[in-house]
*Asks:* 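Structure in structure tokens, see below.
Throughout, residue positions are numbered sequentially from 1 according to the sequence presented.
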Amino acid sequence: MDKVCPGAAEAVADLPDGASPAVGGFGLSGIPAVLIRALYDQGATGLRVVSNDCGVDGQGLGVLLGAGRIARVTGSYVGENKEFARQYLSGELEVELVPQGTSPSGCAPGARASPPRRSLGEDRGPRLPGEGDPHLPEPPLRPGARHHHRLRPRPRLARRPARQPRLPQDAAANFNPLAAMAGRITVAEVEELVEAGELDPDEVQLPGMYVQRVVELSADQADARQMEKRTVRA
């Protein structure tokens, strides 16, 4: 099955107003920046986003946020996005803050279609048999967009083996694998497509069965990765 889309615009063309896209990444690391820009150009609004954060002002999800296209955010970190803070404090934006350990825990049951459980009240210590378990089912997160660096034509998202030096793209995985597994439609934004058999099985982070659409970046797009802060010596 050929999952490669002609471009980012085609990959997000059918995402409707009020949709609930999830965007992997941490700050600007590992985010699908080209897909975010394509979604901005596409015009969908009232989005209910699941993401660790909303990027920064004018970059990443900050592009959609600044345009007033996001109605709700389920995430962990406001960060340095002043517009995020302003919209929340003014009541323009609905926000559900979720601890960073809970976000992937919510995505994993989304992939398994089984709800996680949330504790009610303070821990009373060990309970006697028959006292019951004070937990509530918590709806699983159902995310869907993904960025990565290498991909086979039959998609299997890859990482470098532990025996090789750690590179920036290793950290870019962050929340992405679980987000991709939990999505109903997962779009993978990738920097390189490689032929079948070129990847060591130990490199694979995500089997292709979890990916429905693939967008290969141009060389210019791949080289235009953004960063929040650049720290250099004088």
Side-chain angles (χ1 to χ4, degrees), residues 3-79 81 83-84 87-88 92-96 103 107 110 141-149 151 155 157 172 174-191 206 210-218 220-228:
K3 302 179 182 182
V4 180
C5 294
E10 291 80 1
V12 301
D14 57 352
L15 193 144
D17 292 347
S20 298
V23 179
F26 189 101
L28 300 181
S29 176
I31 64 170
V34 174
L35 288 172
I36 292 172
R37 177 59 65 174
L39 186 55
Y40 172 84
D41 294 336
Q42 186 252 41
T45 190
L47 301 174
R48 303 171 68 83
V49 171
V50 177
S51 182
N52 175 69
D53 53 79
C54 247
V56 299
D57 293 295
Q59 298 184 69
L61 283 172
V63 173
L64 293 170
L65 188 71
R69 306 266 286 281
I70 297 177
R72 187 177 194 273
V73 175
T74 300
S76 303
Y77 183 58
V78 176
N81 193 321
E83 180 62 13
F84 189 168
Q87 289 190 22
Y88 170 62
E92 301 172 35
L93 179 69
E94 183 181 352
V95 176
E96 179 184 7
S103 296
C107 288
L141 300 177
R142 300 293 298 179
R146 167 93 167 126
H147 171 93
H148 217 280
H149 295 261
L151 198 69
L157 297 178
N174 48 66
F175 297 105
N176 280 308
L178 281 171
M181 286 191 289
R184 290 185 178 91
I185 297 178
T186 296
V187 184
E189 175 183 305
V190 301
E191 295 183 2
L206 185 72
Y210 292 111
V211 179
Q212 284 71 48
R213 302 174 187 176
V214 177
V215 176
E216 184 180 18
L217 303 184
S218 67
D220 289 341
Q221 289 172 327
D223 289 340
R225 289 191 298 269
Q226 302 163 318
M227 60 181 64
E228 293 177 61

*Asks:* Walk me through it: do Val63 and Arg37 pass the test side chain to side chain contact (heavy atoms under 4.5 Å, CB included)?
*Replies:* CA-CA 8 Å; Val63 173; Arg37 177 59 65 174; 3.7 Å; yes
*Asks:* Can you name the closest pair of heavy atoms from Lys3 and Gln212 and give their distance?
*Replies:*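 Shortest heavy-atom contact: CB-O, 3.6 Å.
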*Asks:* Locate the shortest heavy-atom distance separating Leu206 from Ala180; write the atom from each residue and the value.
*Replies:*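 That closest heavy-atom pairing would be CD2-CB, 3.4 Å.
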*Asks:* For Asp57 and Glu83, which heavy atoms make the closest approach, and how far apart are they?
*Replies:*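 Looks like OD1-N, 3.0 Å.
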*Asks:* Check whether any side-chain N or O of Arg69 sits under 3.5 Å from a backbone N or O of Leu39 as a donor-acceptor pair, and report yes or no.
*Replies:*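 Such a contact is found between Arg69 side chain and Leu39 backbone.
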*Asks:* Is there side-chain contact between Val23 and Pro32, with at least one heavy-atom pair below 4.5 Å?
*Replies:*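 Side chain of Val23 against side chain of Pro32, heavy atoms only: contact under 4.5 Å found.
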*Asks:* As a test of understanding, state which of Val49, Val56, Ile31 forms a side-chain contact (heavy atoms from CB on, under 4.5 Å) with Leu61.
*Replies:*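 Answer after filtering Val49, Val56, Ile31: Val49.
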*Asks:* If you take all heavy atoms of Ala9 and Ala38, which pair is closest and at what distance?
*Replies:*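 Residues Ala9 and Ala38, closest heavy atoms: N-CB, 4.0 Å.
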*Asks:* Write down the atom of Cys54, the atom of Ile70, and the distance for their closest heavy-atom approach.
*Replies:*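 Scanning both residues completely, I find the closest heavy atoms to be SG-CD1, 4.0 Å.
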*Asks:* Roughly how far, to the nearest 0.5 Å, is the CG atom of Leu47 from the CG atom of Leu15?
*Replies:*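 The CG atom of Leu47 is 6.5 Å from CG of Leu15, to the nearest 0.5 Å.
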*Asks:* Rounded to the nearest 0.5 Å, what separation is found between the CD atom of Gln59 and the CG atom of Leu65?
*Replies:*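 Interatomic distance, Gln59 CD to Leu65 CG, rounded to 0.5 Å: 13.5 Å.
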*Asks:* Output all residues satisfying salt bridge (Lys or Arg N to Asp or Glu O under 4.0 Å) with Asp14, sequence neighbours left out; order by chain, then residue number.
*Replies:*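 Arg213.
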*Asks:* Just wondering, do Tyr88 and Val78 contact through their side chains at under 4.5 Å, heavy atoms?
*Replies:*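 They are not in side-chain contact.
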*Asks:* To the closest 0.5 Å, what do you measure between CZ (Arg48) and CG (Asp17)?
*Replies:*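 Arg48 atom CZ to Asp17 atom CG measures 13.0 Å (nearest 0.5 Å).
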*Asks:* If I take atom CD from residue Glu189 and atom CG from residue Leu217, how far apart are they, to the nearest 0.5 angstrom?
*Replies:*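 The distance works out to 4.5 Å.
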*Asks:* Determine the minimum heavy-atom distance between Ala11 and Val215, stating which atoms define it.
*Replies:*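 Taking every non-hydrogen atom into account, CB-CG2, 3.5 Å.
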*Asks:* Looking at CZ of Phe26 and CG of Asn52, how far apart are the two atoms once the value is rounded to the nearest 0.5 Å?
*Replies:*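 Going from CZ on Phe26 over to CG on Asn52, the span is 5.0 Å.
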*Asks:* Measure from the side-chain N and O atoms of Thr186 to the backbone N and O of Tyr210, and report whether any donor-acceptor pair falls under 3.5 Å.
*Replies:*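 A pair under 3.5 Å: yes.
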*Asks:* Apply side chain to side chain contact (heavy atoms under 4.5 Å, CB included) to Asp53 and Phe84, showing your working.
*Replies:* CA-CA 9 Å; Asp53 53 79; Phe84 189 168; 5.6 Å; no
*Asks:* Which value, rounded to the nearest 0.5 Å, describes the distance between Gln87 atom CD and Glu92 atom CD?
*Replies:*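 Gln87 CD to Glu92 CD: 5.0 Å, rounded to 0.5 Å.
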